[in-house]
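Heavy-atom basis, side chains included; hydrogens, waters and symmetry copies ignored.
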Amino acid sequence: MHTDLNFSGKEAKMKRTRIIALLLSDQAIGHVLIKGWVKTRRDAKDFSFIEINDGSCLQNIQVVADLGMANFDAVKKLSTGSAVAVHGALRPSPGKGQKWEIQALSIEIISIAPDEFPLQKKRHTDEFLRTISHLRPRTNKYGAAFRIRSTLSFAIHRFFQERGFAHVHTPILTGSDCEGAGELFQVTALDMENPPRSGGAIDYSRDFFHRSANLTVSGQLEAELFALALGDVYTFGPTFRAENSNTSRHAAEFWMVEPEMAFSDLNDDMDLAETFIRYLVTYALENCREDLGLFAGFVDKTLMDTLGIIAAKPFIRIPYAEAVDILSRSGHHFNFDVSFGTDLQTEHERYLAETHFNQPVIIYDYPKTIKPFYMRVNDNGGTVAAMDVIVPRIGEIIGGSQREERLDVLESRMAETGVPPENLWWYLDSRRFGSVPHSGFGLGFERLVMLVTGISNIRDVIPFPRTPGNIEF
RNA sequence: UCCCCAGUAGCUCAGUCGGCAGAGCAGGUGGCUGUUAACCACCGUGUCCGUGGUUCGAGUCCGCGCUGGGGAGCCA
């Protein structure tokens, strides 16, 4: 409880109002309480303007403190980053630049940020802010980015729940080590200084799970099992890849959205992917207007055009063979040659999405030799029912396919690609007992946030990025 | 993992031909004004990433290493 004489019992019990609610108010309010952090302070001799932000929105609210206040000397020393509680009146601001301000009755200093506080009023580089990931959400840009991330996360659940998809929590710890999606992080409870051995090798039969275990690289296989029970499902969870990727688009820990639909083919899959992305972009445009304005103004001047195109125009859909044809006829010089049977390089995808079409493109029916075992083999025998969604600036944001539902074909594909069937006996069981055509895809959530905000480095759209050599926070 | 670039004050950066280590911002003090990245005056701040070398002399040139960034591969 407050001991300050400025606070009556009634004030002390008052609940704080979020700044966003006050800024949207359509009338003056006689008495409000806000709590937040000082962004900046502008002093006059007998009064002081203090900008307060509480994270509820990008904008600060201006608090006017004056000489009549008991602790005015202390208030005039409030530093950037300090935390305060302000009782006062919401009233129209006579100054330019804001509709409302708070005439303070009292300001309780909750805590002072000393001048070592590393965030200035001025702009910092993203590189510097990455070294203080624990403080960067207090900046305008990162606050906005993480509010948008939260909104998109909610929109994903809303999209699927509205359409009758069930959310499945697929496991983080997994014993299957051959999902064919990159290098694995191993998980163990053994004493790695002195592990039990059998012969020369470490004896994982004495580990926690009586076998070796890993962090998941994808929830897809488990999601398929649930699609074959609940019909339409989705996962939304963290995935882990121990790849030594040093790029602005890869992280070792990232969040993936993986819908899976029973009784559906590749066209259904492409329809869902396109509807999904356009829904999310539209949702952000409608619900993150102020935060998006920051990114459109300071991060990517073309952002609103890009998002507008995605929301408004149907995606281009072309078979892989046609994409190869367009690229080889383009007359454009590529560092990697294009020919049927080789995977499309980043430069090829970007040429299609940014130069040739300048809008999202779905490429489908890839050669089976460059795709994993679970994708359904087309009737021609040479391609699989795979699809990638390519968007400007990001490249591949979605990869998906119709899954191989025929047991015999699946088994021969596993043999071809060197996947031991005994490790996936439970997956094969789904093709033995009531197998049906089904399809799904994976969307990299961070890449979606990059697309929507215009942020160009994946390290800046996830709160605490994990990349090679970086796990400080 | 490969190619390229960078590392100088708390932050952002300049530093010429190898010759005394600089500016803006932030911070401090005072002033002034319903201020808006406020303004004016004054004040302090250095392992020039580390290491070895060339040189009378290295922030500057060379080797090695570390860290960061951009691009590529792998992928989402």
Side-chain angles (χ1 to χ4, degrees), chain A residues 39-51 59-66 76-77 79-81 91-98 101 103 113-132 139-140 179-183 217-220 237-258 273 298 334-336 342-350 370-372 388-391 394-400 441-451 456-462 467-470 472:
Chain A
K39 280 286 175 139
T40 182
R41 201 189 73 241
R42 293 178 292 271
D43 290 331
K45 190 157 57 180
D46 296 334
F47 51 94
S48 187
F49 298 104
I50 308 164
E51 300 270 345
Q59 243 187 295
N60 307 321
I61 197 160
Q62 172 166 289
V63 170
V64 185
D66 63 35
K76 274 188 81 167
K77 290 197 167 111
S79 51
T80 300
R91 63 174 199 194
S93 176
K96 289 173 186 161
Q98 60 278 319
E101 65 182 17
Q103 176 67 46
D115 57 12
E116 306 95 83
F117 184 60
L119 296 174
Q120 311 168 13
K121 298 172 200 174
K122 293 223 171 188
R123 194 182 167 277
H124 295 278
T125 60
D126 295 321
E127 291 78 14
F128 171 69
L129 291 169
R130 272 172 222 150
T131 68
I132 49 167
T139 64
N140 290 340
E179 292 165 23
E183 297 297 312
V217 295
S218 161
Q220 179 197 314
T239 54
F240 308 88
R241 310 250 170 117
E243 279 157 9
N244 190 18
S245 293
N246 292 287
T247 83
S248 55
R249 300 188 309 281
H250 292 84
E253 176 182 290
F254 64 98
W255 287 65
M256 197 149 56
V257 182
E258 295 176 293
F298 298 109
F334 296 109
N335 292 319
F336 292 84
T342 59
D343 210 351
L344 298 180
Q345 304 294 312
T346 299
E347 58 177 342
H348 304 141
E349 294 177 347
R350 294 191 65 157
I370 57 172
K371 290 292 181 184
D388 286 351
V389 179
I390 313 297
V391 294
I394 308 294
E396 182 181 344
I397 194 169
I398 279 181
F441 62 78
L443 169 131
F445 182 55
E446 281 71 25
R447 290 188 182 174
L448 174 76
V449 181
M450 290 167 73
L451 175 72
S456 57
N457 195 312
I458 197 168
R459 297 173 184 91
D460 300 332
V461 297
I462 187 166
T467 52
N470 184 353
E472 179 70 19

Check your understanding: What is the distance, rounded to the nearest whole Å, between atom CG of A/N246 and atom P of B/rG69?
Key -> 9 Å
Review point. Side-chain donor or acceptor of A/R91 under 3.5 Å from a matching atom on the base of B/rG34?
Key: yes
Practice item. State, without any angle test, whether A/Q345 and A/R350 hold a side-chain donor-acceptor pair at a distance under 3.5 Å. Key: no
Exercise for review: Report yes or no: is there a donor-acceptor pair, N or O only, under 3.5 Å between the side chain of A/T247 and the base of B/rG71?
Suggested key: no
Study note, to complete from the structure: When both distances are under 3.5 Å in a Watson-Crick or G-U wobble arrangement, the nucleotide paired with B/rA6 is B/rU67
Revision key, fill the gap. Side-chain atoms of A/S248 come closest, of B/rG34, B/rG70, B/rA72, to B/rG70
Practice item. May I ask you to verify whether the side chain of A/D43 and the base of B/rU35 hold a donor-acceptor pair under 3.5 Å? Key: no
Check your understanding: Does the ring center of A/F336 lie less than 6.0 Å from the ring center of A/H348?
Key -> no
**Study point:** Whole-Å C1' distance, B/rG69 and B/rG53
**Key:** 28 Å
Check your understanding: Side-chain donor or acceptor of A/E51 under 3.5 Å from a matching atom on the base of B/rU35?
Key -> no
Filtered N/O pairs between nucleotides 8-15 of chain B and protein, under 3.5 Å:
| unit_1 | atom_1 | unit_2 | atom_2 | d |
| --- | --- | --- | --- | --- |
| B/rG10 | N2 | A/Q120 | NE2 | 3.0 |
| B/rC11 | O4' | A/Q120 | NE2 | 3.2 |
| B/rC11 | O2' | A/H124 | ND1 | 3.4 |
| B/rU12 | OP1 | A/T125 | OG1 | 2.8 |

Exercise for review: With a 3.5 angstrom cut-off on both distances, give the Watson-Crick or G-U wobble partner of B/rU47, or none if there isn't one.
Suggested key: none
Check your understanding: What integer number of Å spans the P atoms of B/rC42 and B/rA37?
Key -> 24 Å
Point to revise | Distance, C1' atom - from B/rC62 to B/rC39, rounded to whole angstrom | key: 50 Å
Point to revise | Watson-Crick/G-U partner (both atom distances under 3.5 Å) of B/rA76 | key: none
Practice item. Under a 3.5 Å limit for both distances, which nucleotide forms a Watson-Crick or G-U wobble pair with B/rG18, could you say? Key: none
Exercise for review: Decide yes or no, distance alone: a donor-acceptor N/O pair under 3.5 angstrom between the base of B/rC75 and the side-chain of A/S245.
Suggested key: no
Practice item. Write down the distance separating the P atoms in B/rU36 and B/rA72, rounded off to the nearest Å. Key: 44 Å
Review point. For B/rG34, what is the paired nucleotide under Watson-Crick or G-U wobble rules, both distances under 3.5 Å?
Key: none
Where do N or O atoms of nucleotides 64-67 of chain B meet protein N or O atoms at under 3.5 Å, pair by pair?
none

